[in-house]
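See structure below.
The structure displayed is predicted, hence computed values, not measured ones. Chain identifiers are assigned alphabetically (A, B, ...) following the order of the sequence lines, protein sequences preceding nucleic acid strands; residue numbering begins at 1 within each chain.
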Amino acid sequence: MEYNFREIEKKWQKNWEDNRVLRVENDPTKPKYYVLDMFPYPSGAGLHVGHPLGYIASDIFSRFKRLKGFNVLHPMGWDAFGLPAEQYAIQTGQHPAITTKNNIERYKSQMNMLGLSYDWSREYKTSDPSFYKWTQWIFLKLFKSWYNNKTAKAEPIDALILQFEKSGTSGIHAACGEELNFSAEDWKGFDDKKKSDVLFNYRLAYLSEAWVNWCPQLGTVLANDEVKDGVSERGGYPVERKLMPQWSLRMTAYADRLLNDLNDIDWSDSIKEAQRNWIGRSEGSSLMFKLNGNSDTITVFTTRPDTVFGVTFITLAPENELVGKITTEDKKAAVEEYIKTSKNKTERERQAEVKRVSGEFTGAYVIHPFTGKEIPVWVGDYVLAGYGTGAVMGVPAHDSRDHAFAKHFGLDIPMVIEAPEGWDILKESYDGKTGKCINSDFLNGLEVKEAIKIAIEQIENRGLGKGKVNFRLRDAAFGRQRYWGEPIPIYYKDGIPTPMDESELPLELPKIDKFQPTETGDPPLARATDWKYKGKYQYEYTTMPGWAGSSWYYLRYMDPNNPNEFASKEAIDYWQNIDLYIGGAEHSTGHLLYFRFWTKFLYDLGLVPFVEPAKKLVNQGMIQGVSSFFYSLTLSYSRIPDGNTVSLPTIIISKEFYEKINAGNLSELEKDNLMSFCIEQIKKLNPNINLPHLISPLKASSHRVDITLVKDDKLDITEFKRKYPRDDIFFYQIAETYYCGHEVEKMSKSKWNVVTPDDVIAQYGTDTMRMYEMFLGPLEQSKPWSTQGISGVHNFLRKFWKLFFNEKGEFIVGVDPCVDPTATATPIGAGSTHGSTPTSSPTTPTAAPTPAELKILHKTIKKIEEDIERLSFNTSVSAFMICLNELHELKCNKRAILEPLIICLSPFAPHLAEELWSKLGHSTSVLKASYPKFEEKYLVENTFSYPVSFNGKTRFMLELPLNLSKEEIEKQVLSSEDAQKWIKDTPVKKVIVVPNKIVNIVV
RNA sequence: GCCCUGGUGGUGGAAUUGGUAGACACGCAGGACUUAAAAUCCUGUAAACAUUGCGUUUGUGCGGGUUCAAGUCCCGCCCGGGGUACCA
């Protein structure tokens, strides 16, 4: 009987669905295991072969954990709010909900085709009001909380208000926008609006005037992690800085915990490192500089207070509000001009100009707090408004940026830390953190590390500032001027942002006629007519960003249909946090930070009993596409005297020609031939034209071609011509085969290099696809997609299948009543031969297994288990192949061996396993079986084949009993014939014996 | 620039704690079966030299080092991939 994967796979996918075998109950009697894939944003393109890599891995892992007796939660849902569907809506008018729904259907059918064991009864999408009700609910909790630095946790804002009423800000140590100081009386005197403004300084979800990343083309604000290289991550549109009222989440309050707790989770070093860098903790000190002849002060943040005697200027960020205040009359025009031009720069321009120094002197001076010297104050856009205090002390000798600035404007560069011998401080700053202080008064002679400590002490003693920690991490911009997101449950009453009551949630997205901003520049939600709180008050028009729902979605799977809570306490207590989380590395600083932040917040509120959402995180590598290219001449003409237009032919040339042309290596002869060919074709296309004047030098360009037209770099010219039926395409000097060039790139529709799992599955089946993706290499490694080698995996499955059949195609592995190593979960129904009828066979498949066979089996059981546990799926596929090769050699088809093997294989090739399992007479799914127990006794050997090496080079093998002592081994080895041959007359200096490993003889 | 990764046959990759480098698979070559092909099965396959056979030497990006022993550890470089970008 042939291995008919098409039939088998269809049959079992239907069976799993019909019998709801993949359903998971919250069953406290069983140990839990939570395996989660990062849920996808369902784009219109569907899944390509890169997507399933992680899904298959997590599926194998889940199925394995089930076999090991765990109650496994392995759900899937949809990150359904987002920009692409809305952009599409703007272009076509199709409601994003419809686009999203269609895309989800496609994704889901593809996932089912992959045999993924999701419990679809727990599915949801973040755009369901029943889901985003709880996203809004968490937002309200954030709104109603502040962060108490004393207790290091979020606390109710009401408690803070009580404190204000009692004692004002005194004794309060809060995470806030700016340090405020007011008394209880002051507080009581504030009107409602003022109180609201003050509280926004403390709330974890707050509204403020803030510098934001504004993307005019998308018409919205973006978070830092949504901006890459100064352009939007989605769409690649320019981003500029803009000051506007803005909802933000006070994530900076959690910076320390987000950093420290990284130590306790099993995530890859690279992700942890990326997060550490993103959070960017730096220790230093604040330091005040008094303005000369003025009561104002400038406070800077520095990590190098040891260099304070090397300060020769102060630089303020252009956005710093002190600039306007301190600039002297004569400098005003120039400074204002400078601020204006720097403000108008997009982020991209600003970044591109990093190397170019710019700035302007304000005319103001400060007094150096230790030397009393006058120090000029400058403005420069290398100083960022959003970091530290938006002001730096310029120490040109020991900071490369200050150095560039000082050099450009001719400021002093005095050395205060001893640089290594021969260092030219005028040429390059010495930024190193070792050396002794010089020219530094009380710091002289101290090492940098010690000097930093002393300097901070002095600064604090003199009341000039204090030791401080700064973070690069910014508060997360939370509002989007967009339609397709969760509405923010806030309305405006007398101009005061007021939260809705939790009982009034969800606040549903209103219907609107168009998805663009209004004519007056308001977000699309302003188009909703009669959309007012209690018919009276205007709602907030911005919506939440794409990452809002994904910051807590993993909790909803635990109790997805609960109308009363985001998830019940019982469900959360049972499932706890994610045991294994798999997804792409592109989320390392966005999603994964927000997701950790929200978890910590929910923990502070006592809503979840853990501080980290995912214990273990694995990033699957990207599967890249291989794009194909063809090459053509770029033809151009000199002006044609009679002014007629000319039709240009497309002349396709070989890769060699393309390279030669671009390198300018074409010989005169080649050039002439090519020219006359071109002229000939041009004449064909333009019969009435006199000789056109081709311009040399020749130019050539490359073009992507759909990879479905290319196989092994060979272009299918017939297909190509059929697809592009034009009479102006000519192949130059190409007779039969055209060899395309290729390049490895990201797999994407626009690059014509997409391979879908559908194609692969149609040809080889799901089980082959699953195993092949795993066989490609380590899960975390990126690799280009190639089907070279897929036949090896396919052959393996066919060979495995054939083990169960004789030459006549009859199923020959019978029911053997005496051996059932799988035991516990599924006793074999006595005599019930469900499926096909076992027949007797000359190979006696019911006979007892031999020690050799048992050894093969148990070696495999052990290896597969170990490999799955460390997510090394590629080596487990090899292990199966080795096992099969060995069984094949022994012509083994005994049930006692094959039945447990089916279980081992079932996480990888679940359909094939189910089919064989049922043919063996089982009436329940192999999903309900138990992973076979590994028995050490079958692997025990009494001899070991020692590799014997001389000076580290292996020369021969020697089989020796295991129970020999080191000395005996040495004796045996040295007296062996082979060893004597190698030793000859040279004296043996030393013999190293590592029992059961190796023998090394030094001569 | 900085941080993180990786670099092993013709190809994908294996070697888990310093202990037989190249498992497994693809590809290729040869053979069996076949009228023939496909499929299947068997054999070989790191390179160089030698070849009648035994073999010998080299070899995990490059250069050093530690060690009885290095793909694995240390130092200095080169190259690819990813992240980040004036963070004071």
- Where along nucleotides 15-30 of chain B does protein come under 4.0 Å, by heavy atom, of base (B) or sugar-phosphate alone (S), with - for untouched nucleotides? SB--BBS-BBSS----

- Note on the structure: Letter by letter from the 5' end, nucleotides 78-84 of chain B scores (B base, S sugar-phosphate only, - none; protein heavy atoms under 4.0 Å) ------S

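Contact check for N213(A) versus N224(A): side-chain heavy atoms found under the 4.5 Å cut-off.
Using P as the reference atom, rU67(B) and rU84(B) are 43 Å apart when rounded to the nearest Å.
Of all nucleotides listed (rA88(B), rG13(B), rA39(B)), rA39(B) comes nearest to the side chain of R798(A).
Here F775(A) pairs with nothing under the ring pair (Phe, Tyr, Trp, His ring centres under 6.0 Å) rule; sequence neighbours left out.
Nucleotides of RNA chain B nearest to E273(A) and Q781(A) differ in position, and the one nearer the 5' end is that of E273(A). Two residues, T389(A) and L776(A), neighbour RNA chain B, and the one matched to the more 5' nucleotide by heavy-atom proximity is L776(A).
Remark: RNA chain B forms stems of 3 or more consecutive Watson-Crick or G-U wobble pairs, all pair distances under 3.5 Å, at B:1-7 with B:78-84, B:10-12 with B:24-26, B:27-32 with B:40-45, B:46-49 with B:55-58, B:61-65 with B:73-77.
For K971(A), the NZ atom sits in a loose shell: 12 or fewer heavy atoms of surrounding residues, nucleotides or ligands are nearer than 6.0 Å.
Contacts classified as side-chain hydrogen bond (donor to acceptor under 3.5 Å, both in side chains) and involving residues 875-884 of chain A (residues at least two apart or in different chains) are given here: D867(A)-T875(A), S872(A)-T875(A). Residue pairs that meet the side-chain hydrogen bond (donor to acceptor under 3.5 Å, both in side chains) test with at least one member in residues 301-310 of chain A, sequence neighbours left out, are R304(A)-D306(A).
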- Might you work through the side-chain contact (heavy atoms from CB on, under 4.5 Å) test for W267(A) and L592(A), ending with a clear yes or no? CA-CA 11 Å; W267(A) 290 20; L592(A) 289 175; 4.1 Å; yes

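Counting only N and O atoms by type, the side chains of D399(A) and S429(A) include no donor and acceptor under 3.5 Å apart.
Between W547(A) and Y594(A), the ring-plane angle classifies as parallel under the 30° and 60° cut-offs.
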